[in-house]
Amino acid sequence: MDERIIFHLDMDYFYAQIEERDDTTLCGKPVTVCMVSERIGSEGAVATSNYLARQVGIKSGMSCEQARNLAPDGAFIPVRKDYYESVSDSIMEAISGSCKTLEQVSIDEAYLDMSGLCSFADASYKIKELKDAILESQSLTCSVGVGPNKIIAKMASSKNKPDGSTIITPEQVTSFISPMPIATLHGIGAKTEKALAAFGIETIGDLAAKEQSELSDTLGPQRARKLIDHARGKDDDPVAKRVKEQIGRLASLTEDTRDREILKAKLIELSSLVIEKLARDGRTYRTVTVNFVMQGLDMKSRSKTLPHATRSKKDLVRSADDILDSYLDEKSGLIRRIGVSVSQLEKPDGQMMLDKWS
Ligand code: DGT
Ligand code: CA
Ligand code: CA
């Protein structure tokens, strides 16, 4: 096989950077994006923050209240997940033409298979092209890692942030990863870290020096093999196009309700968002699902499948509305959140979108 060259792209302080871009008055301030819990006005945990906020100790997952104490003059912004999703879609669209295969792995991360399109020696030009494409399309910065496989590319992208890049050639792999703490290896959580510590394994290099047989009893033979391979910088996992098997949007209601008009208006709003996303992906749907999160937080869903594939908003709204009617008829209780999703997605050329790597 020809030499592989894989890029890993990770957007910088993604949610907070989008907010900064959209509101220039935030420039130079610590910016924190807060999750908003069920009820309007009550803040949950920090989703992310910009680098100024990180300097005063604000971290993802801490309570927003705690964050406010750390940065009394900072900006605190409620999360806009659907909007960030649409920014993410635009970014992925802008770069999809620059590689052989694009594998989106989270809202702000993707692997790009660049094998045959550049070499390690000229990778820096491709990095610049990629960063420029994202800047031009969305005015946002990212960090890029380049390596002979996904594991190395991902470790490289976090080496130099924000707006950085790191290229690790096959020859540099061992010296790059060996000294790193074992917890930085993909797939090693606190429990495995502790189990490996009992073997005196603290760095990735320590793990690379072990044989499978030494760790099989503790990790299981397959996992032991895989983690040792990764620690030796070996990973042949392909960059695989990931397809979403459904597209959906969910929203909280301002109060728990079973008012038909309020629920219908929400369904129309959500249906528009779903249709927009479907159009961006160039897909059709056949099945419509409405999700109901009840006051006690139990979840119910009801689906309806249409006779033909379609991209029609009218059909989506009508189907969702029918489902709502029969649901209200059948069930009692107040509804807290409502969602609309479509599945059985197809590309116009008739290819089924499958719920797996393709
Ligand atoms: P970075 O990559 O270190 O410059 O900063 P981010 O903010 O891009 O961090 P990353 O890549 O881990 O996560 C991407 C986005 O995912 C981030 O902007 C917000 C969201 N996110 C990350 N961690 C959490 C979390 O603990 N809770 C919630 N709700 N969202 C999170
Ligand atoms: Ca990121
Ligand atoms: Ca990320």
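When a residue number appears, it is its place in the shown sequence, counting from 1. Small disclaimer: the values here were computed from a predicted structure and weren't measured. We use all heavy atoms of the structure for the numbers below, so side chains are in, but hydrogens, waters and symmetry mates are not. Just follow the structure's listing: the first ligand is 1, and inside any ligand the first atom is 1.
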Among all protein heavy atoms, pick out the one at the shortest distance from atom 7 (O) of ligand 1; state its residue, atom name and that distance to 0.1 Å. Thr48 OG1, 2.5 Å
Mark up the atoms of ligand 1 that fall under 4.0 Å of a heavy atom belonging to Tyr13, in ascending order. 1 (P), 4 (O), 5 (O), 6 (P), 7 (O), 8 (O)
Which residue supplies the protein heavy atom nearest to atom 26 (O) of ligand 1, what is that atom called, and how far is it? Ser60 CB, 3.7 Å
NZ/NE/NH1/NH2 to OD/OE distance under 4.0 Å, Glu85 and Arg249: no
Identify the closest protein heavy atom to atom 10 (P) of ligand 1: which residue and atom is it, and at what distance? Asp108 OD2, 4.1 Å
Does the protein place any heavy atom closer than 4.0 Å to atom 12 (O) of ligand 1? no
Return a yes/no value for Asp12: is any of its N or O atoms, backbone included, closer than 3.5 angstrom to an N or O of ligand 1? no
Assess Tyr84 for proximity to ligand 1: is some non-hydrogen atom of it under 4.0 Å away? no
Checking the N or O distance criterion of under 3.5 Å, is ligand 1 in contact with Tyr15? yes
Salt bridge Asp315-Lys304, side-chain N to carboxylate O under 4.0 Å: no
Could you check whether Asp12 pairs with Lys161 (Lys NZ or Arg NE/NH1/NH2 to Asp/Glu carboxylate O, under 4.0 Å)? yes
Cluster link Leu219 to Leu207, ILVMFWY, side chain under 4.5 Å: yes
Applying a heavy-atom cut-off of 4.0 Å, say which part of Val79 lies close to ligand 1: side chain, backbone, both or neither. neither
Just how far is it from atom CG of Asp132 to atom OG of Ser98, taken to the nearest 0.5 Å? 11.5 Å
Number the atoms of ligand 1 from 1 as they appear, then name those within less than 4.0 Å of a heavy atom of Tyr51, with their elements. 1 (P), 3 (O), 4 (O)
Apply side-chain contact (heavy atoms from CB on, under 4.5 Å) to the pair Lys154 and Glu109, showing each step before the final yes or no. CA-CA 9 Å; Lys154 166 124 180 154; Glu109 258 171 74; 2.9 Å; yes
Counting both backbone and side chain atoms, is some N or O of Phe14 under 3.5 Å from an N or O of ligand 1? yes
Output, in order, the C-alpha distance, side-chain angles, deciding distance and verdict of side-chain contact (heavy atoms from CB on, under 4.5 Å) for Tyr13 and Val31. CA-CA 10 Å; Tyr13 60 105; Val31 176; over 6 Å; no
Can you pull out the closest protein heavy atom to atom 3 (O) of ligand 1? Residue, atom name and distance to 0.1 Å, please. Arg54 NH1, 2.9 Å
Between Arg286 and Glu346, does at least one N-O distance fall below 4.0 Å, as a salt bridge requires? no
Look at atom 2 (O) of ligand 1 and find which of Met35, Met62, Lys161 reaches it with the closest heavy atom. Lys161
Determine whether the aromatic ring centres of residues Tyr111 and Phe7 are separated by less than 6.0 angstrom. no
My understanding is that we take every heavy atom of each candidate and find the minimum distance to atom 31 (C) of ligand 1. Doing that for Ala47, Ser49, Gly44, which one comes out nearest? Ala47
Between Arg4 and Asp113, is the closest basic N to carboxylate O distance under 4.0 Å? no
Pair Gln295-Arg336, side-chain hydrogen bond (donor to acceptor under 3.5 Å, both in side chains): steps then yes or no: CA-CA 5 Å; Gln295 192 167 43; Arg336 174 163 290 198; over 6 Å; no
Within a distance under 3.0 Å of the Ca ion (ligand 3), the protein atoms of type N, O or S are Asp10 OD1, Asp108 OD1, Glu109 OE2
Take Asp108 and Tyr15 through the side-chain contact (heavy atoms from CB on, under 4.5 Å) test and state the conclusion after the steps. CA-CA 9 Å; Asp108 82 328; Tyr15 297 1; over 6 Å; no
Salt bridge between Lys150 and Asp235, side-chain N to carboxylate O under 4.0 Å? no
